[in-house]
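Working notes for the structure below.
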Amino acid sequence: MTVVLWIAASMLGVAALLALVRVVRGPSSLDRVVAMDVLLSCLIGAIGIEAAYGRDGTTLPVLAVLALLGFVGSVAVARFGADAGDDDPDRREEARVEARLEAAREGRETP
Amino acid sequence: MNDVLDVVSAVCLLLGAALSLAAGIGVLRFPDVLSRMHAASKPQVLGLLLVLIGVGLRLRTGFDITTLVLVAVFQLATAPVAAHMVGRSAYRTRRVRRDLLLVDELGERLDEAARRDGAGDAPPPAA
């Protein structure tokens, strides 16, 4: 089980590092939120593997909290912050105009 | 019997961790938001379920398994909704590489709606 722990932990660690690189690079807030979800999955996996290794269920409620946290985070960013988070200001303005146009085409109120 | 369960649990944990690794590589290397979401959803559903099964097989108590089922249900109910919102937002803010799309049904519908609205809004021809 110790070998399994180390192999799985190193895979999760590498995955978390790669996702962290994507969070830093962006370029948009949606890329970041998707990468944060991967980071969160790695965290859930790590806590689960720790619980399995020690045969200790104390940390399991944390998994439930993390699963909900990822959902709330992505929905909040996708709904309210998507057009504000681009690194390139021109692209940001273009995205805002585009969002407004598509909203108008669908007959919704402009945000 | 317990040894068999532990081995199965270890295999599940390793597979779950491997899916996380695949997602990390995919999120870093894929070109746009939609394809990154495709990579990111693997550990969110299948990877998480494998890890939870692995933990459940190791712990084997009713209380812990109930918590694990709760986590699995939360994740299965919320992951599609979150993915839908992120994908929709990506399309609206033009974070989608349209040259990589084979079919763009939403674009066709939007163009159709724009044509219809445009025809309706146009000023009536001078009599």
Side-chain angles (χ1 to χ4, degrees), chain A residues 1 4-5 7-12 14-19 21-22 25 28 30-31 33-35 37-38 40-42 44-45 48-49 51-53 55-57 60-61 63-64 66-68 70-75 77-79 82-83 86 91 94-96 98-99 102-107, chain B residues 6 9-11 13-14 16-29 32-33 36-37 39-44 47-48 51-52 54-55 57-59 61 63-64 67-68 70-72 74-75 77-79 81-83 85-95 110 113-114 117:
Chain A
M1 201 63 195
V4 172
L5 173 83
I7 295 174
S10 48
M11 282 200 282
L12 287 172
V14 172
L17 271 181
L18 294 175
V21 172
R22 177 50 68 195
R25 277 201 199 159
S28 74
L30 290 170
D31 295 299
V33 93
V34 169
D37 270 351
V38 174
L40 213 58
S41 308
C42 293
I44 293 178
I49 286 168
Y53 179 72
R55 283 192 199 277
D56 176 18
L60 293 188
L63 298 186
L66 286 179
L68 281 181
F71 169 67
V72 173
S74 2
V75 168
V77 171
R79 182 70 187 79
D83 57 348
D86 210 292
R91 192 80 199 251
E94 186 190 318
R96 205 168 288 150
E98 182 71 20
E102 298 208 352
R105 269 190 237 162
E106 290 173 7
Chain B
D6 278 355
S9 153
V11 170
L13 291 174
L14 282 176
L19 278 174
S20 286
L21 181 60
I25 296 170
V27 161
L28 190 61
R29 289 193 51 85
D32 70 343
V33 177
R36 282 175 199 146
M37 281 171 63
S41 56
K42 265 78 220 170
Q44 276 174 8
L48 186 89
V51 168
L52 294 183
V55 177
L57 289 177
R58 263 296 267 190
L59 294 178
T61 60
F63 179 75
D64 292 331
T67 316
L68 294 173
L70 191 69
V71 175
F74 272 155
Q75 188 71 8
T78 56
V81 181
M85 300 281 290
V86 172
R88 194 173 85 136
S89 191
Y91 192 94
R92 292 227 166 103
T93 54
R94 286 211 170 254
R95 298 306 311 186
L110 284 176
D117 290 354

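Numbers restart at 1 for each chain; the letters A, B, ... are given by sequence-line order, proteins then strands.
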Nearest heavy-atom approach of B:Ala17 to A:Met11 is CB-CE, 3.8 Å

With rounding to the nearest 0.5 Å, note down the distance linking CG in B:Leu68 to CG in A:Leu63. 7.0 Å

Considering only heavy atoms, which portion of B:Leu57 lies under 4.5 Å from any heavy atom of chain A: side chain, backbone, both, or neither? neither

Side chain from CB out, backbone as N, CA, C, O: work out which of these in B:Thr78 comes under 4.5 Å of a heavy atom of chain A, or both, or neither. both

Under-4.0 Å salt bridge between B:Asp6 and A:Arg55: yes

Honestly, the part of B:Ile25 sitting under 4.5 Å from a heavy atom of chain A is both

Counting heavy-atom pairs under 4.5 Å with chain B, which one of A:Val75, A:Ile44, A:Leu60 comes out on top? A:Leu60

A:Val33 versus chain B, the contacting section by heavy-atom distance below 4.5 Å: side chain

What is the minimum heavy-atom distance between B:Val33 and A:Ser28, and which atoms define it? CG2-OG, 4.3 Å

Which atom names give the shortest non-hydrogen contact between A:Leu18 and B:Gly24, and what distance separates them? CB-O, 3.6 Å

Supply the atom-to-atom distance B:Met85 CE to A:Phe71 CZ, rounded to the nearest 0.5 angstrom. 8.0 Å

In Å and rounded to the nearest 0.5 Å, what is the CG to CG distance from B:Leu70 to A:Leu68? 8.0 Å

How long is the gap from CG on A:Leu66 to CD on B:Gln75, to the nearest 0.5 Å? 10.0 Å

Could you state the interatomic distance from CD (B:Gln44) to OG (A:Ser74), rounded to the nearest 0.5 Å? 7.0 Å

Closest non-hydrogen atoms of A:Ala51 and B:Leu59, given as atom of the first, atom of the second and distance, are O-CD2, 3.9 Å

A:Cys42 to B:Ser20 - nearest heavy-atom pair and separation: SG-CB, 4.2 Å

Find the one option among B:Val71, B:Leu28, B:Leu14 whose heavy-atom pairs under 4.5 Å with chain A are most numerous. B:Leu28

Closest contact, heavy atoms only, A:Ala52 versus B:Leu13: CB-CD1, 3.7 Å

If you tally heavy-atom pairs under 4.5 Å against chain A, which of B:Val51, B:Val81, B:Asp32, B:Asp64 wins? B:Asp64

In terms of heavy-atom pairs under 4.5 Å, which option from B:Ala18, B:Ser9, B:Ala77 contacts chain A the most? B:Ala18

Looking at B:Gly87, B:Ala23, B:Ala82, B:Ala39, which one has more heavy-atom pairs under 4.5 Å with chain A than the rest? B:Ala82

